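Heads up: the structure comes next, in structure tokens.
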Amino acid sequence: MTPPATFSFDTPGDAERAAELRRVKALATLVLASTLALFVVAKWLLPVHPVFGFIAAFAEAATIGGLADWYAVVALFKRPLGLPIPHTAIIQSNQARIADKLGEFIQVHFLEAGPVEAKLNEIDFGSFVADWLRDRKRSDDLARFALRLLPEAFSATESSGLMTFIIRRMSSQLQAIDLAPLAAGTLRGFVAEGRHQVLFDDLLRVMHETLNQKETMAMIREKVRAELPTLLRLYRADKFLVNKIVASATAFFNEVRSDAKHPFRGEFDRMVLSFVDRLGTDQAYIDRIDGLKRDLLARPELADLARTVWANTRSFIERSASGETQVLQHHLAGMFVAAGEALAGDAELRGEINKGLVTVLRSFVADQKSGVSTFISDQVKAWDMAQLISLIEINIGRDLQYIRFNGSLIGGLAGLALYSVESLLRLL
């Protein structure tokens, strides 16, 4: 069972209000006693002069009015004189009903969709988030908090089997990727941007440099010499031919490299595009690429690399969380600050955030308002009513005590008026 709720009585001004309440109570009791004493004295002096009859009538009615209002004020909170009088201690006797009605009232009048949405629309959540993130200290605190959570998240991922699930899921997703069209599209974009021509120029340069190396020329000369008739070899025709071949090739390479519109470049473009087309449509190429992908994913080195990356990442995060290194925290804080700056400068994004949060919170309140009503009702039912009544008396008891003054005054005037009417009727 929920223990009774308790209240604090040390809020600013409570001591002064309690003292003022005691003073007003004493004054109201003094007025009641005074009217009773005045009634007794006036009745005793009635034979002396008829005017004391009017005084006695006023005092009598004032005493009755004061007593009646004292009873009404006391009966609201407790039983007068501790007597089990019906319909007294009204708040205590109706605690459960008050609790249910209060919860129902808040649910109906405070948590309806219209008022809730109107109030939420007044709040600029986007600006609040932006201002919060732009504060460097808050972003540092948020980064520090996030870093403290990350090691636990890593441990939970490993211990719960989530890591194995993620690896299997990633592997299955990679296996499902059709690399041939992807590679063909990438190469087609590479060609469209003209980057293959840079590769072609590098290839021409390498061929030029290779042909002009002594070792290459000697090797070509030996091949040519082996194919020449004996007579031509006697005249060293092999050297002449090699020099001519290398010179012609060098001139051709230089011509192609210096002319961006050389026909040989066009042939190279067609050759590359033809290869790209075949790469995306030729089943032989597709099967070969798919086989290479499977072989790569099946390599144990890839799993070892993933485990090494995971372990290094975890170690770095743990060192960051322990304060051994501040690099990641500084980067995270900077990222949060930059996000706040970007959000502050983007009114459209802030508007979208506001709309989204209003929708989410409105739905949340609509789903939970019955629970809020029940929570309020249960809390009120669990209150210690003696303490609650003391709290109410401290805050509004002074005004309630003035009802006793008004009761004495109005009752006395009413009694005086009735006694006056009665006196007039006797004279008629």
Side-chain angles (χ1 to χ4, degrees), residues 4-99 102 379-420 422:
T6 58
F7 303 90
S8 174
F9 295 94
D10 57 355
T11 56
D14 276 356
E16 292 80 0
R17 285 191 288 268
E20 178 65 14
L21 174 61
R22 289 192 295 270
R23 187 187 69 81
V24 175
K25 274 186 174 182
L27 184 58
T29 303
L30 179 61
V31 168
L32 181 61
S34 299
T35 57
L36 179 59
L38 181 61
F39 169 71
V40 172
V41 172
K43 278 292 187 179
W44 182 59
L45 295 175
L46 184 58
V48 176
H49 194 280
V51 73
F52 286 106
F54 291 92
I55 296 174
F58 174 84
E60 180 183 14
T63 301
I64 295 172
L67 282 172
D69 285 337
W70 167 82
Y71 176 87
V73 171
V74 173
L76 184 63
F77 301 107
K78 59 188 73 172
R79 300 192 183 280
L81 303 177
L83 300 175
I85 304 173
H87 305 295
T88 57
I90 296 172
I91 294 179
Q92 292 179 346
S93 301
N94 293 276
Q95 181 178 0
R97 188 171 64 174
I98 292 172
L102 180 60
Q379 289 298 305
V380 174
K381 290 176 182 177
W383 283 349
D384 185 336
M385 293 306 294
Q387 283 192 313
L388 178 60
I389 289 170
S390 297
L391 183 64
I392 295 174
E393 280 192 308
I394 285 176
N395 287 276
I396 66 171
R398 179 175 178 272
D399 294 324
L400 292 176
Q401 292 302 315
Y402 276 101
I403 295 176
R404 297 171 61 185
F405 292 116
N406 296 334
S408 297
L409 178 60
I410 294 173
L413 293 176
L416 180 60
L418 291 174
Y419 187 80
S420 299
E422 181 185 0

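Nothing fancy with the numbering, it's 1 onward along the sequence. The figures that follow rest on heavy atoms only: side chains count, while hydrogens, waters and symmetry mates do not. These figures come from a predicted structure and were not determined experimentally.
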Is the shortest side-chain heavy-atom distance between N406 and D69 below 4.5 Å? no

Counting C-beta onward and ignoring hydrogens, is there a side-chain heavy-atom pair between I403 and W70 closer than 4.5 Å? no

If you compare all heavy atoms of [X] against all heavy atoms of [Y], which two are closest, and at what distance to 0.1 Å?
{"X": "A28", "Y": "Q401", "result": "CB-OE1, 4.1 Å"}
{"X": "A59", "Y": "F39", "result": "CB-N, 3.4 Å"}
{"X": "G66", "Y": "S408", "result": "CA-OG, 3.4 Å"}
{"X": "G415", "Y": "A61", "result": "CA-CB, 3.4 Å"}

To the nearest 0.5 Å, tell me how far [X] [atom1] sits from [Y] [atom2].
{"X": "L32", "Y": "L67", "atom1": "CG", "atom2": "CG", "result": "4.5 Å"}
{"X": "I55", "Y": "H49", "atom1": "CD1", "atom2": "NE2", "result": "10.0 Å"}
{"X": "L416", "Y": "E60", "atom1": "CG", "atom2": "CD", "result": "12.0 Å"}

Any chance you could lay out the side chain to side chain contact (heavy atoms under 4.5 Å, CB included) test for T29 and R404, step after step, and finish with the verdict? CA-CA 9 Å; T29 303; R404 297 171 61 185; 3.4 Å; yes

Pair F58, T35 - check side chain to side chain contact (heavy atoms under 4.5 Å, CB included), show working. CA-CA 8 Å; F58 174 84; T35 57; 5.6 Å; no

Under a 3.5 Å distance rule, please check whether T63 uses its side chain to pair with a backbone N or O of L36 as donor and acceptor.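 Indeed, once roles are kept as given, a pair shorter than 3.5 Å links the two residues.
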
